[in-house]
Amino acid sequence: MAAAGRGFEDPPADVLAEAAAAFGLLASPARLHIVWALAQGESDVTGLAERVGGALPAVSQHLTKLKLAGLVRSRREGRRQVYFVDDPDVVDVVRLTVDRLTDRAAPADAPARRLRGL
């Protein structure tokens, strides 16, 4: 791969496609909320549905997509499936993004944001 302007090499096309697919899955507020919740600790589908305010079948479908993409894993505990995020990098990206956007939306920033719109 050719080196970019700052000494970084461009990733292969298949890596970019895989990253875009992962970001595409996280572009859904419901799936992002599920990953956020699982970044705080593991849960079964019932607990996740209660936490994110979604219907059980919808949360289950989101979990299936996240699992197929490798963003979420699960294990069986008796009769229930327990879901978790096993990749610390995914947790870091989600936490960093949500934390940054939360900081930007903080009331202390409100006057400065209003001025920028003038």
Side-chain angles (χ1 to χ4, degrees):
M1 288 275 130
R6 296 186 182 154
F8 294 104
E9 288 191 22
D10 292 335
D14 59 331
V15 171
L16 288 172
E18 190 174 338
F23 283 120
L25 280 170
L26 294 175
S28 158
R31 285 191 291 268
L32 183 59
H33 196 175
I34 289 168
V35 173
W36 174 262
L38 291 175
Q40 313 306 310
E42 56 190 36
S43 180
D44 64 5
V45 68
T46 303
L48 282 170
E50 289 172 3
R51 178 159 181 189
V52 303
L56 197 66
V59 172
S60 182
Q61 288 178 355
H62 288 308
L63 285 166
T64 297
K65 290 179 181 181
L66 291 167
K67 194 172 172 184
L68 287 171
L71 297 174
V72 166
R73 292 186 40 199
S74 68
R75 70 171 184 283
R76 183 153 297 283
E77 280 188 3
R79 295 175 56 193
R80 40 178 235 152
Q81 280 298 103
V82 176
Y83 295 88
F84 56 97
V85 179
D86 192 35
D87 186 339
D89 293 333
V90 170
V91 172
D92 289 346
V93 167
V94 169
R95 281 187 177 158
L96 176 67
T97 303
V98 171
D99 287 346
R100 293 279 302 202
L101 292 172
T102 300
D103 290 346
R104 288 181 189 171
D109 293 345
R113 287 193 344 220
R114 268 186 260 145
L115 288 176
R116 278 186 247 145
L118 295 176

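Basis for what follows: all heavy atoms, side chains included, without hydrogens, waters or symmetry-related copies.
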> Which residues pass the side chain to side chain donor-acceptor pair (under 3.5 Å) test with R75, sequence neighbours left out?
Replying inline: E42, E77
> Is there a side-chain contact between R51 and S43, using heavy atoms and a 4.5 Å cut-off?
Replying inline: no
> Are L48 and V98 connected in the hydrophobic side-chain network, where two residues link if heavy atoms are under 4.5 Å apart?
Replying inline: yes
> Counting only heavy atoms not in K65, do more than 12 sit closer than 6.0 Å to its NZ atom?
Replying inline: no
> CZ of R76: more than 12 outside heavy atoms within 6.0 angstrom?
Replying inline: yes
>> What I'd like to find out is whether the side chain of V91 reaches to under 4.5 Å of the side chain of R95, using heavy atoms alone.
In response: yes
> Same hydrophobic cluster for L25 and V93, using side-chain heavy-atom links shorter than 4.5 Å among ILVMFWY?
Replying inline: no
> Is the number of heavy atoms from other residues, nucleotides or ligands within 6.0 Å of CD (Q40) greater than 12?
Replying inline: yes
> CG of D89 to CG of L96: how many Å apart, nearest 0.5 Å?
Replying inline: 12.0 Å
> Which atom names give the shortest non-hydrogen contact between A49 and V59, and what distance separates them?
Replying inline: CA-CG2, 3.8 Å
>> Nearest 0.5 Å, please: how far is CG in D99 from CH2 in W36?
In response: 4.5 Å
> What's the spacing between L38 CG and R73 CZ if we round to 0.5 Å?
Replying inline: 13.0 Å
> Roughly how far, to the nearest 0.5 Å, is the CG atom of D44 from the OG atom of S74?
Replying inline: 11.5 Å
>> Once rounded to the nearest 0.5 Å, what's the spacing between atom OG1 of T64 and atom OH of Y83?
In response: 6.0 Å
> What heavy-atom pair brings V90 and L71 nearest, and what distance separates the two atoms?
Replying inline: CG2-CD2, 3.8 Å
> If Ile, Leu, Val, Met, Phe, Trp and Tyr residues are connected whenever their side-chain heavy atoms lie under 4.5 Å apart, and connections chain through other members, are V35 and L56 in the same group?
Replying inline: yes
> Just wondering, do L66 and R31 contact through their side chains at under 4.5 Å, heavy atoms?
Replying inline: yes
